Every structure is written in structure tokens, then in C-alpha cells.
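Heads up: the structure comes next, in C-alpha cells.
Each residue takes its place number in the sequence, starting with 1. As the structure is a prediction and not an experimental result, all values here were calculated from the model.
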Amino acid sequence: MLVEAKELKREYVMGETVVKALRGVSFNVGQGEFVAIMGPSGSGKSTLMHLLGCLDRPTAGTYSLDGTPVENLGDVELSRLRNRKVGFVFQAFNLISQLTVLENVEVPLIYMGLERGKRRELSLEMLEAVGLGHRPNHRPTELSGGENQRVAIARALVTKPQIIFADEPTGNLDTKTGQEIMEILQDLNERGTTIVLVTHELSKAKWSRRLVHMQDGKILRQLAGAEIQHLMDLFQEMPQA
């Protein structure tokens with residue numbers, strides 16, 4: 001099992017208040033799955049993604065990534081594991097505006113210690129894969145939102161991670177461009193990359209093979225296959241305001 005989370009809890013102390021962002025979450029993700037984590041704002045879905053992506057540590061519970069228990073790893077060990085196993089795609093792109101497209105994609109490879117020639121070769125290959133092989137020397141400010149998200153996907157893929165965590169990857173995009181980004185993620189999944197998508201939109205969650213529905217820091221239910229389509233049908237039948 002690629003992802004194994006058991007009774008994960010995450011609490012934040014804010015003055016005299018303890019915010020319980022996660023209240024005991026357990027679930028697994030197998031190699032090659034496409035899982036959507038869905039819920040309203042404040043449901044805990046982004047907190048869970050940060051724990052699963054090794055960007056944060058749980059207050060309680062256990063978590064293993066590809067067989068490696070991570071809750072007690074030091075910062076350096078955690079960073080190395082994240083760099084080897086995980087790729088991230090965020091709503092805000094998180095590109096470095098001072099760098100070219102090619103240089104942005106190279107960043108994770110620098111942390112891996114690859115020499116410059118190999119970095120450029122792999123980065124150009126990934127840019128070609130997302131349809132931006134003709135724009136390596138442009139800067140993020142010279143690209144559209146959809147093109148910037150493609151750069152972010154290339155950056156996430158360049159280390160050949162086992163799992164991609166996508167947090168609201170279409171949130172800043174128009175409907176047509178968002179559809180194109182979801183098609184890229186679906187294609188990656190069909191080629192064997194594990195995808196965990198965090199979203200509040202059912203129209204995006206429908207691309208997954210399994211839907212994890214969260215609320216108030218807990219998993220309410222998990223749906224798969226025809227169950228997801230049935231939920232979509234019910235949503236479409238609801239009267240619109």
C-alpha cells in the first residue's frame with residue numbers, strides 16, 4: 001500500500017483555543033489509484049493533504065508512505081522522502097517569477113543533486129509532455145494561468161514521483177482550461193501515476209475512481225465507481241438557485 005494513514009489527528013493551538021483540524025482519519029491509497037478528497041472549507045481536506053504529502057506532522061496517529069513510517073522522521077529525512085516520492089500541484093502554482101519556465105521545473109532536481117545537463121534534459125522532456133516544450137525560456141508572468149499550471153505539473157513530475165498531490169489545481173482557471181488540466185491528470189493516472197486530488201467541487205471529484213468525503217475533520221463516507229456517478233446525477237437533478 002502506497003499510503004497508510006491510521007487515526008490521524010492534527011491540532012493547532014491558537015492562544016487559549018485548540019483547533020482540531022483532523023479528528024482521527026484512517027484510509028489507504030494503493031499504487032495507481034486516483035482518489036479525490038472532497039469537502040467544504042474547514043473540513044480538514046487540505047490539512048490531511050499536507051500530512052500525507054509530508055509537509056506537516058500529525059499530532060497523533062500513524063502514517064506510512066510507501067512502507068516508510070513518517071511521523072517521527074527528522075526534517076532532513078522528511079524532506080528527502082518528500083523529494084523522492086511526492087509531487088505537488090497547488091491552486092496558486094507556486095512558481096518563482098524570477099526564474100524561467102525551464103529553471104522552475106529544474107528546482108526539485110537541484111535538491112536531488114543532479115548535474116546541470118541532466119537537469120535540463122529531464123526538465124525539457126517534462127515540458128514537452130505537458131505541451132510547453134516551445135516555451136522553456138519564458139517567465140511565469142509571460143504565460144497564461146493554464147500554462148503556469150502546466151509548468152507546475154511538469155515540475156511535480158520531473159522527479160518521477162510515485163504520487164501526485166493536487167490541491168485545488170483548477171481553482172484559478174476558467175472552465176475550459178480547468179478541463180484541460182484535469183485531462184492531463186487523468187492521463188498521468190492512466191500511465192500509472194497515483195493521484196490524490198483535493199477539491200470542493202463535485203465536477204472535479206468525478207474524475208477520480210474513489211471519492212473521500214470529509215466534514216469537520218472526519219471522513220463521512222467513501223464512494224467509488226458507479227456511486228460517484230449516482231451522486232453526480234443527484235446533484236444535477238437538484239433545483240439550481
Side-chain angles (χ1 to χ4, degrees), residues 2-3 29-35 49 52-55 65-66 68 78-173 176-198 204 207-209:
L2 187 56
V3 164
V29 178
Q31 180 67 47
E33 280 200 83
F34 191 151
V35 179
M49 192 209 74
L52 299 181
C54 302
L55 295 171
L65 177 61
D66 195 27
T68 301
L78 203 62
S79 179
R80 286 174 179 165
L81 181 67
R82 188 168 59 237
N83 188 248
R84 293 198 318 270
K85 302 285 186 180
V86 178
F88 295 98
V89 181
F90 296 100
Q91 177 178 344
F93 316 138
N94 289 357
L95 301 177
I96 302 171
S97 59
Q98 296 89 344
L99 300 182
T100 66
V101 163
L102 180 62
E103 290 167 341
N104 267 281
V105 177
E106 284 185 81
V107 168
L109 300 177
I110 294 174
Y111 290 111
M112 292 183 74
L114 266 66
E115 54 90 15
R116 187 169 183 270
K118 187 63 175 178
R119 293 200 310 263
R120 291 181 64 85
E121 176 187 340
L122 292 174
S123 298
L124 285 169
E125 178 184 322
M126 286 300 105
L127 285 172
E128 287 285 353
V130 299
L132 285 177
H134 61 297
R135 307 200 74 176
N137 297 317
H138 287 72
R139 298 187 188 279
T141 53
E142 299 174 299
L143 304 181
S144 68
E147 288 171 328
N148 275 318
Q149 195 60 289
R150 288 171 182 264
V151 175
I153 291 172
R155 181 186 58 191
L157 289 173
V158 75
T159 59
K160 295 181 170 41
Q162 289 184 274
I163 187 167
I164 295 287
F165 290 100
D167 192 0
E168 303 283 5
T170 64
N172 287 336
L173 307 175
K176 179 178 181 297
T177 307
Q179 171 89 5
E180 293 171 354
I181 295 302
M182 292 307 302
E183 288 173 355
I184 290 174
L185 293 177
Q186 183 183 54
D187 181 64
L188 289 173
N189 179 247
E190 290 174 350
R191 294 170 182 267
T193 301
T194 305
I195 306 288
V196 175
L197 169 72
V198 171
K204 301 301 183 294
W207 292 78
S208 69
R209 299 179 186 176

Look up atom [atom1] in [X] and atom [atom2] in [Y], then write down how far apart they are to the nearest 0.5 Å.
X      : Y      : atom1 : atom2 : answer
Leu2   : Lys85  : CG    : NZ    : 8.0 Å
Ser79  : Arg84  : OG    : CZ    : 10.0 Å
Thr194 : Glu33  : OG1   : CD    : 7.5 Å
Arg82  : Leu78  : CZ    : CG    : 5.5 Å
Leu55  : Met49  : CG    : CE    : 6.0 Å
Ile184 : Gln186 : CD1   : CD    : 11.5 Å

For [X] and [Y], which heavy atoms make the closest approach, and how far apart are they?
X      : Y      : result
Pro108 : Asn83  : O-ND2, 3.4 Å
Leu157 : Met126 : CB-SD, 3.6 Å
Val130 : Ala154 : CG2-CB, 4.0 Å
Ala156 : Phe88  : CB-O, 3.4 Å
Ala92  : Asn172 : CA-ND2, 3.9 Å
Asn189 : Thr193 : ND2-O, 3.1 Å

Other residues, nucleotides and ligands only: do more than 12 of their heavy atoms fall within 6.0 Å of CZ on Arg135?
yes

Is a side-chain donor or acceptor of [X] paired with a backbone partner of [Y] at a separation under 3.5 angstrom?
X      : Y      : answer
Thr100 : Glu103 : yes
Asp167 : Gln91  : no
Arg209 : Phe34  : no

I would like to know whether Phe93 and Glu147 meet side-chain contact (heavy atoms from CB on, under 4.5 Å); could you show each step before the answer?
CA-CA 10 Å; Phe93 316 138; Glu147 288 171 328; over 6 Å; no

Test item: [X] and [Y] side chains (from C-beta on) under 4.5 Å apart, heavy atoms:
X      : Y      : result
Val107 : Leu99  : yes
Leu102 : Arg120 : yes
Leu65  : Val3   : yes
Ile153 : Leu188 : yes

Using a strict 4.0 Å threshold on nitrogen-to-oxygen distance, state whether Arg150 and Glu180 make a salt bridge.
yes

Step by step, would you call Val89 with Gln149 a side-chain contact (heavy atoms from CB on, under 4.5 Å)?
CA-CA 8 Å; Val89 181; Gln149 195 60 289; 3.2 Å; yes

Arg139 and Glu142: salt bridge (Lys or Arg N to Asp or Glu O under 4.0 Å), yes or no, with the steps?
CA-CA 5 Å; Arg139 298 187 188 279; Glu142 299 174 299; 5.6 Å; no

With respect to Val158, which candidate in Val105, Leu124, Leu114 satisfies the side chain to side chain contact (heavy atoms under 4.5 Å, CB included) definition?
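Going through the options one by one, the only one that passes is Val105.
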
Only one of Leu52, Val198, Ile195 forms a side chain to side chain contact (heavy atoms under 4.5 Å, CB included) with Phe165, so which one is it?
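Answer to the side chain to side chain contact (heavy atoms under 4.5 Å, CB included) test with Phe165 among Leu52, Val198, Ile195: Leu52.
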
Check the pair Trp207 / Leu185 against side-chain contact (heavy atoms from CB on, under 4.5 Å), numbers first and verdict last.
CA-CA 9 Å; Trp207 292 78; Leu185 293 177; over 6 Å; no

Please lay out, stage by stage, how Leu197 and Met182 fare under the test side-chain contact (heavy atoms from CB on, under 4.5 Å).
CA-CA 10 Å; Leu197 169 72; Met182 292 307 302; 3.8 Å; yes

Can you see whether Asn94 engages Arg155 through a side-chain donor-acceptor pair at a distance of less than 3.5 angstrom?
no

